[in-house]
Amino acid sequence: MSNIGSYEERRKSFDWKEAERELGYPENGNHNIAWYCVDRHCEKGRGGKTALIWEGHAGEEKRFTFDDLRLHTNAFAARFRELGVEPGERICLFMDKIPELYFSFLGGLKMGGIVQPLFSAFGEDSLITRLEDAETRAIVTTKKHVRKVRRILDRLPHLQHILVVDADGFALKDRETAFDYEKAPPVETFPAHAVTPESPSVLHYTSGTTGKPKGALHVHGSLVSQYITTKWVLDLQDDDIYWCTADPGWVTGTSYGIIGPWSNGCTQLVLDSGFGSARWYEFMQKHRATVWYSAPTAIRLLMRDGTELVQKHDLSSLRHLASVGEPLNAEAVVWSKEAFGKEFHDTYWQTETGCMVLCNYPGLPVKPGSMGKPFPGIEAGVVDPKNHEPVKQGTVGLIALRPGWPSMFRAYWNNEKTYNEKFQNGWYICGDRASIDEDGYYWFVGRDDDVINTGGHLVGPFEIESALIEHEAVAESAAVGKPDKVNMEVVKAFVALKPGFEPNDDTELSIMNFIRKKLSPLAMPQEIEFVPSLPKTRSGKILRRMLRAKEWGEEIGDTSTLEDD
Ligand code: PRX
């Protein structure tokens, strides 16, 4: 029997209070996420249960019980406090998927800090925009990544503490301190900082079409949504071995790679290694994974490597599969049934929503290619882009949600105006286009802006364009998404060169590498088209949408209507 049982029944009788009751929320008046993910299990006699099975890229393995998690998160919390980090100050986590990432995330929350996880492949520019905006006070990192921080340090007066977690034999510099949780004296008790459901918890940066990346601010009360969606959609049960493939630099890796599974007291797997079909199958076979949450790009890559490779492994432990981040094509759902005997269940949500909002559920028939139905307790709709009134069934409009579920973001950091613009006619507007069919299933059509979704990761064209013009050869540029079989979209840049520079392979390579280093490998254009000049509106704005339409073979239409876009 699945946790959710009947979707329709749950929808009828839903009350968030029920999730709170299950969590015993707020036990002793405490709302701190870290306490629910860790200490609560220990206090209830479940401290000996395995919380984390971690494997590094060379195959080394580490295991941690909930009691270990308690001690290690205490150690990080105490260290942050010793350094003078105050509750409410931002603590950035900037490292690969090593155990310290998970300990410092919960340790930061435990002492009342706002944790700001950033993807470890980010380059200097990506890093500085986010650290500057958040006025981040401390950063936790490793030898491998600290060099990037050193190069921008003089521009970050607020960044007072750099914790290097593997500093053995490493010469530390200005503002750096070593912290090794294995060598630090054990901290037996660290009472979780008292917070309310509205106290800020996690700050996740996400990209928009214009302007700098926006910091979506979450609160401790988000736990309620993350707990119950994990339980009902991912169907996590006490004996499950769960694997979420996402990096905590992105929201999936925190909502469903930390908070959701651990608040459910579940054992989870982490693999700190890049993608490889055989490697992934071996990992799941070795640890007898039962529930697997991944993304369409990975599924398409697995599909490319064929069913035979799947059959060489014993994946009979798998009982439930789910996916998020980009459209999950119908073929991938059909293939997964053939390859694993199970369908991937698509889920739709955003950094801003904090939890899954449209989902396919255990027990509810999957319509391959559809994102499923609204989570019980969340009122969703598809609205007209002009008046934000619900459209007729089958008509394409904008996905909209009624505000009020516990994990909804509470602000864009320092950006009230953009936050307020997301709300129209009593709805939160997601910025994606979709339609609803006669059975109430949602079908994704596309984004309503120019943000590029590459392999499930959003990249802002403005960020890429701002970096491009810093290259010595670039006069002006536009970045758009172009279709890609595996990643759905990849970045393509249109570049007009300055006089004296040649549009050749060397220039192209030099620009690509420049972006990879400055921003990240994801933001690096896979193709650069050199053009004499870029199409513009009469007021001189680059017609990015026209370039994008060309890539997708879409009608450009009347460009005069794009004047004010
Ligand atoms: O465009 C939608 C796409 O990813 C966006 C949210 O990205 P982000 O905030 O980085 O969060 C990703 C993980 C929750 C959405 O606005 N997206 C997400 N899930 C789906 C999707 N597009 C189609 N189908 C999905 N299941």
Side-chain angles (χ1 to χ4, degrees), residues 117-119 202-209 213-218 222 225-226 229-230 233-234 244-260 293-300 321-330 332-333 343-361 366-375 378 380 382 396 398-401 407-409 412 418 422 428-435 441-460 463 481 487-489 520 522-523:
L118 291 180
F119 185 43
V202 183
L203 184 62
H204 267 300
Y205 276 77
T206 179
S207 297
T209 306
K214 299 164 292 189
L217 184 67
H218 289 280
S222 71
S225 307
Q226 288 151 349
T229 49
T230 302
V233 185
L234 298 175
C244 168
T245 59
D247 187 306
W250 314 104
V251 72
T252 309
T254 58
S255 291
Y256 297 104
I258 301 181
I259 305 173
Y293 194 28
S294 198
T297 290
I299 300 165
R300 286 191 288 269
L321 319 181
S323 160
V324 63
E326 20 159 357
L328 180 64
N329 36 322
V333 177
E343 286 161 318
F344 267 98
H345 290 64
D346 192 15
T347 64
Y348 165 94
W349 54 293
Q350 305 178 306
T351 303
E352 288 85 345
T353 68
C355 74
M356 302 162 175
V357 292
L358 302 174
C359 320
N360 286 282
Y361 306 86
V366 173
K367 291 194 187 189
S370 160
M371 301 185 288
K373 298 187 177 195
F375 185 77
I378 292 187
V382 165
V396 175
L398 299 177
I399 302 176
L401 308 168
S407 68
M408 194 180 86
F409 72 134
Y412 282 132
T418 312
K422 297 289 281 189
Y428 162 72
I429 307 294
C430 297
D432 289 303
R433 288 173 294 130
S435 66
Y441 284 69
Y442 285 62
W443 296 80
F444 186 80
V445 174
R447 284 190 65 91
D448 192 46
D449 60 18
D450 294 340
V451 171
I452 303 159
N453 186 334
T454 179
H457 296 127
L458 303 188
V459 191
E463 226 187 333
N487 293 291
M488 190 175 90
E489 281 185 300
S520 73
L522 287 171

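Order of listing sets the numbers, starting from 1, for every ligand and every atom in it. Here the structure is a predicted model, which means the values were calculated and not measured.
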Answer yes or no for [X]: is there a heavy-atom contact with ligand 1 below 4.0 Å?
{"X": "Leu328", "answer": "no"}
{"X": "Phe444", "answer": "yes"}
{"X": "Pro327", "answer": "yes"}
{"X": "Cys430", "answer": "no"}

Exercise for the section: Go through ligand 1 atom by atom and flag the ones less than 4.0 Å from a non-hydrogen atom of Met371. Expected result: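 Answer, ordered by atom number: 24 (N).
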
Handout entry: Contact atoms of ligand 1, heavy-atom distance to Thr252 under 4.0 Å
Key =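 Under 4.0 Å from Thr252, ligand 1 has these atoms: 13 (C), 14 (C).
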
Practice task
Please check if any side-chain donor atom of Thr206 sits under 3.5 Å from a side-chain acceptor atom of Glu352, or the reverse.
Solution key: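 No.
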
Exercise for the section: Check whether any side-chain heavy atom of Met356 sits under 4.5 Å from a side-chain heavy atom of Leu234, and report yes or no. Expected result: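 Yes - at least one pair of side-chain heavy atoms lies under 4.5 Å apart.
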
Practice task
State, with a plain yes or no, whether a side-chain heavy atom of Leu358 is found less than 4.5 Å away from one of Phe444.
Solution key: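 Not touching, per the 4.5 Å side-chain cut-off.
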
Practice task
Hey, can you tell me if Phe375 and Tyr361 have their rings parallel, tilted or perpendicular (30° and 60° cut-offs)?
Solution key: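 Tilted, since the angle between the ring planes falls between 30° and 60°.
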
Practice task
Evaluate the ring planes of Trp250 and His457, with Trp represented by its six-membered ring, and classify them as parallel (under 30°), tilted (30 to 60°) or perpendicular (over 60°).
Solution key: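 Ring orientation of Trp250 relative to His457: parallel.
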
Problem - Heavy-atom nearest neighbour of atom 3 (C) of ligand 1 within options Ser207, Gly431, Gly325, Ser370 - result: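 The nearest heavy atom belongs to Gly325.
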
Handout entry: His457 and ligand 1 - part of the residue with a heavy-atom distance under 4.0 Å
Key =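 Near ligand 1, His457 shows nothing, with every heavy atom at 4.0 Å or more.
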
